[in-house]
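Working notes for the structure below.
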Amino acid sequence: MRKLLPLIGTPSGSHPGGRSAMTCRFRCGDACFHEVPNTSSNEYVGDVIAGALSRRSMMRAAAVVTVGAAGAGAVGVGQAPPAGAAPATAGTPAADAAATAARRKHKGARGLRFAPVAPNTTDAVTVPDGYGQNVVIRWGEPILRGAPAFDPEKQTAKAQAGQFGYNCDFLALLPLPGERGRQLLVANHEYTDEILMFRGYDAANPTREQVEVAWAAHGLSAVVVEGDRKTGKLTAVSRHQLNRRVTATTEFRLTGPVAGSKLVRTSADPTGTKVFGTLNNCSGGVTPWGTTLHGEENFNQYFANASRDTDKRYGVGTGASERKWERFDKRFDVAREPNEVHRFGYVVEFDPYDPESTPRKHTALGRFKHEAATVRLTQDGRPVVYSGDDERFDYFYKFVGSKRMRHGSSRAVREHNLSLLDEGTLYVAKLTGDSPALEIDGTGKLPKDGEFDGSGQWIPLATATAKGAVSHVDGMTAEEVFVFTRLAGDKVGATKMDRPEDIEPNPVTGKVYVALTNNTNRGVGSNAKADEANPRHANKHGHVLELTERWNRPESTKFAWSLFLVAGDPDDPATYFAGFPKDGVSPISCPDNVAFDPYGNLWMSTDGAQLGSHDGLFGVATRGERRGELKQFLTVPKGAETCGPIIQDRRVLVAVQHPGEIDGASVEKPASTWPDGPGKHVRPAVVAVWRADGSDIGV
């Protein structure tokens, strides 16, 4: 991705991982500058993967594409109205002919036959030649009846509660039976960036109205979208009966083994069963029974004045919070409401087909910084949910349910399926390498067995049943395991990871892929250093693990693993692309959200790329002779992160999160003019991309 640009390191004084200081403040509460919460002595994954620069199969005979020449004509849209309009050339005979020629030259794996987008810093969404795009919906667009048109100078909490929320992340597109050409879009709204939302914002003295607007801009949106029959364009259908907003003040049910526990009772909710709001929803998943799951990630940053060791393990601050919400609602002040913080950090389940339903927080899936919650079923119909804890040196988990999914659409069936994630066993992963440490010198030299892989086991933490819950961790009750899940992982010796983000099983092969975004603290201070088992100091580019569960059964407690990808510039010897020749791949840095296309190719969005180009979306073949061939499909505007990818036969969707979030930027001094051009507020938005000739993506 960045091969055509000078390599740019992290500037002095900037935040690690490629994010701006502004992003770190508002998104995760400066997590990278806090002391690492995990101080356990558990094995570090860098010490396990042992020389991730595997060169096995590097001599594989395969067709090679040259990224540098590809994408020279890639099309970007963003600075001039009409915002997000498809490129003017898309769909013309000349453009179609050029796109056909590019596909012939760059065949690639089926689903990935497009000319890769070149690395760039264009303030636009840049897509391959022959592809069109449009902005589906922006922050502030009205979706509920009675909601006004967006006016950035006259924002109110009431208006925002009926409008599309801020900083869209995870996306789901669900079928809408009986409404031809329409689908139901569900989006997470991870966090707010008040400096880019409000003119003249004073971070030290926010107003109540600004705080209440921010509460309303968090949460989820459900909005019906309609497809254009001639193109892949999607348009939001405002005021549809299924459209809905869930915010930081919406009522939720706390379900599972922690519901009613003294650990979650507050003065406002002495029953410990009712919670208001969901915060920092990052990635998620879609269930086979038709609901969506949403992971509460960096919830710690919203709470102030903590002092307990358990709060420290979750990164909750001892002083005032960034947004100062504790000034306006005491539940965000841990000193006054010590249990409120225990009611966040769960997986939320949302029923988008029932606008009157109460969303649920499933405590049986554990409490940590959930990056994702992706589901597959066992052969007998029980759900298995995978989730990463997005923190340096933390763990990844899976939950194996004990109840079987039922089929049908009756109220009884739906209620049963909504309880599936309340009973089962929560596990944490432990990985073991199979190469002697002396054979790994940290340079990427291949060990004698020619492989970089190992075995792993899922360690049970606790089991929830209808009659109660049982702990499998010495010295902790079941309730403590589910509320202080990180501490349970510490106790059982789980493997420390480099920010486990999205985890998703491949629907074609069944293999499970784990995106590990980065860990710039590797080798810093007393943290684990690069040695014979860790290829790089300060892992700023991240990597991807591939897991194969025993017998390919998701309920298995054992698995094999291998290093699938080590990110970075292909010219760097400390990179690896599943053995594919490195002169035929796009550079990639900081893999984050993942998805799969109908052919089993893995698609990855990036967050905080460290190679001098903007973040983007990439597709990589996971099998066949082109396994490891990675190609960049798009880039996002200045300061933005690529989120929530959805890969359909004829359409790709991404959430463009926090565009213009550059240090020093503000409403008065914007760093980006996307998506509506100069003089307009920069606005997070959802973008759809399609082939201009109407054919399937990448074929």
Side-chain angles (χ1 to χ4, degrees), residues 170 172-179 183-186 220 222 241-242 244 246 251-260 273 284-295 346-366 370 372-387 397-427 458 460 462-470 482 503-508 510 512 549 551-557 596:
F170 168 74
L173 266 180
L174 305 174
L176 203 55
E179 298 195 34
Q183 299 177 83
L184 184 54
L185 175 69
V186 181
L220 320 173
Q241 62 182 359
L242 290 181
R244 188 177 180 187
V246 172
E251 182 178 325
F252 281 73
R253 281 181 58 190
L254 202 62
T255 69
V258 176
T273 59
V286 178
T287 70
W289 51 93
T291 62
T292 54
L293 302 179
H294 310 265
Y346 297 105
V347 169
V348 168
E349 184 168 14
F350 174 66
D351 185 352
Y353 294 107
D354 182 0
E356 303 301 320
S357 63
T358 300
R360 307 179 182 210
K361 295 192 180 188
H362 290 295
T363 63
L365 274 64
H370 287 272
T374 56
V375 186
R376 64 193 295 203
L377 293 177
T378 63
Q379 290 182 347
D380 61 355
R382 292 176 292 124
V384 176
V385 183
Y386 300 90
S387 195
Y397 303 79
K398 82 172 179 181
F399 169 86
V400 179
S402 58
K403 297 168 64 174
R404 298 179 183 180
M405 187 186 92
R406 294 178 184 171
H407 296 276
S409 57
S410 70
R411 180 174 294 276
V413 167
R414 231 164 150 72
E415 188 63 29
H416 168 82
N417 289 339
L418 284 168
S419 71
L420 292 176
L421 304 185
D422 292 330
E423 296 179 29
T425 300
L426 180 65
Y427 297 86
W458 293 105
T463 299
T465 72
K467 296 181 179 181
V470 177
F482 289 117
I503 302 176
E504 189 158 341
N506 188 322
V508 175
V512 179
E549 310 235 40
W551 303 304
N552 204 19
R553 298 180 64 171
E555 71 271 31
S556 175
T557 58
F596 291 92

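As the structure is a computational prediction, the values presented were derived from the model and not from experiment.
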Pair Arg406-Trp289, side-chain contact (heavy atoms from CB on, under 4.5 Å): steps then yes or no: CA-CA 8 Å; Arg406 294 178 184 171; Trp289 51 93; over 6 Å; no
Pairing of Asp351 and Arg414 as salt bridge, 4.0 angstrom limit: yes
Shortest non-hydrogen separation from Gly290 to Pro352 and the atoms involved: O-CD, 3.9 Å
Within-4.5 Å side-chain heavy-atom neighbours: Val375 and Leu293: yes
Full working for side-chain contact (heavy atoms from CB on, under 4.5 Å) between Leu174 and Tyr353: CA-CA 10 Å; Leu174 305 174; Tyr353 294 107; 3.3 Å; yes
Spatial distance of atom CG (Leu426) from atom NZ (Lys398) [nearest 0.5 Å]: 11.0 Å
Full working for side-chain contact (heavy atoms from CB on, under 4.5 Å) between Thr425 and Trp458: CA-CA 11 Å; Thr425 300; Trp458 293 105; over 6 Å; no
Flag side-chain contact, heavy atom, 4.5 Å: His370 against Tyr397: no
Interatomic distance, Thr273 atom OG1 to Lys361 atom NZ [nearest 0.5 angstrom]: 12.5 Å
Leu220 and Phe170: CA distance, side-chain angles, deciding distance, side-chain contact (heavy atoms from CB on, under 4.5 Å) verdict: CA-CA 10 Å; Leu220 320 173; Phe170 168 74; over 6 Å; no
OG1-CZ distance between Thr463 and Phe399, expressed to the nearest 0.5 angstrom: 9.0 Å
Thr378: side-chain contact (heavy atoms from CB on, under 4.5 Å) partners, not counting sequence neighbours: Asp380, Arg382, Val384, Pro554, Glu555
Val186 side chain near His294 side chain, heavy-atom distance below 4.5 Å: yes
Between OH on residue Tyr427 and OG on residue Ser556, distance to nearest 0.5 Å: 9.5 Å
Heavy-atom pair with the smallest gap, counting every atom of Val512 and Arg376: CG2-NH1, 3.9 Å
Validation row: Pro383, Leu421 side chains within 4.5 angstrom (heavy atoms): yes
Check: Thr465 and Ser402 side chains under 4.5 Å, non-hydrogen atoms: no
Shortest non-hydrogen contact from Phe482 toward Ala462: CZ-CB, 3.5 Å
Nearest non-hydrogen partners of Pro505 and Phe596, listed with the distance: O-CE1, 3.5 Å
Flag side-chain contact, heavy atom, 4.5 Å: Leu242 against Leu176: yes
Approximate separation, where rounding is to 0.5 Å, of Asp354 CG and Thr291 OG1: 12.0 Å
Heavy-atom pair with the smallest gap, counting every atom of Pro359 and Glu251: CD-O, 3.6 Å
Heavy-atom side-chain proximity of His362 to Asp422 below 4.5 angstrom: yes
Nearest atoms (heavy-atom pairs only) where Thr292 meets Ala172: CG2-CB, 4.0 Å
Gap between atom CD of Glu349 and atom CZ of Phe252 - 0.5 Å precision: 11.5 Å
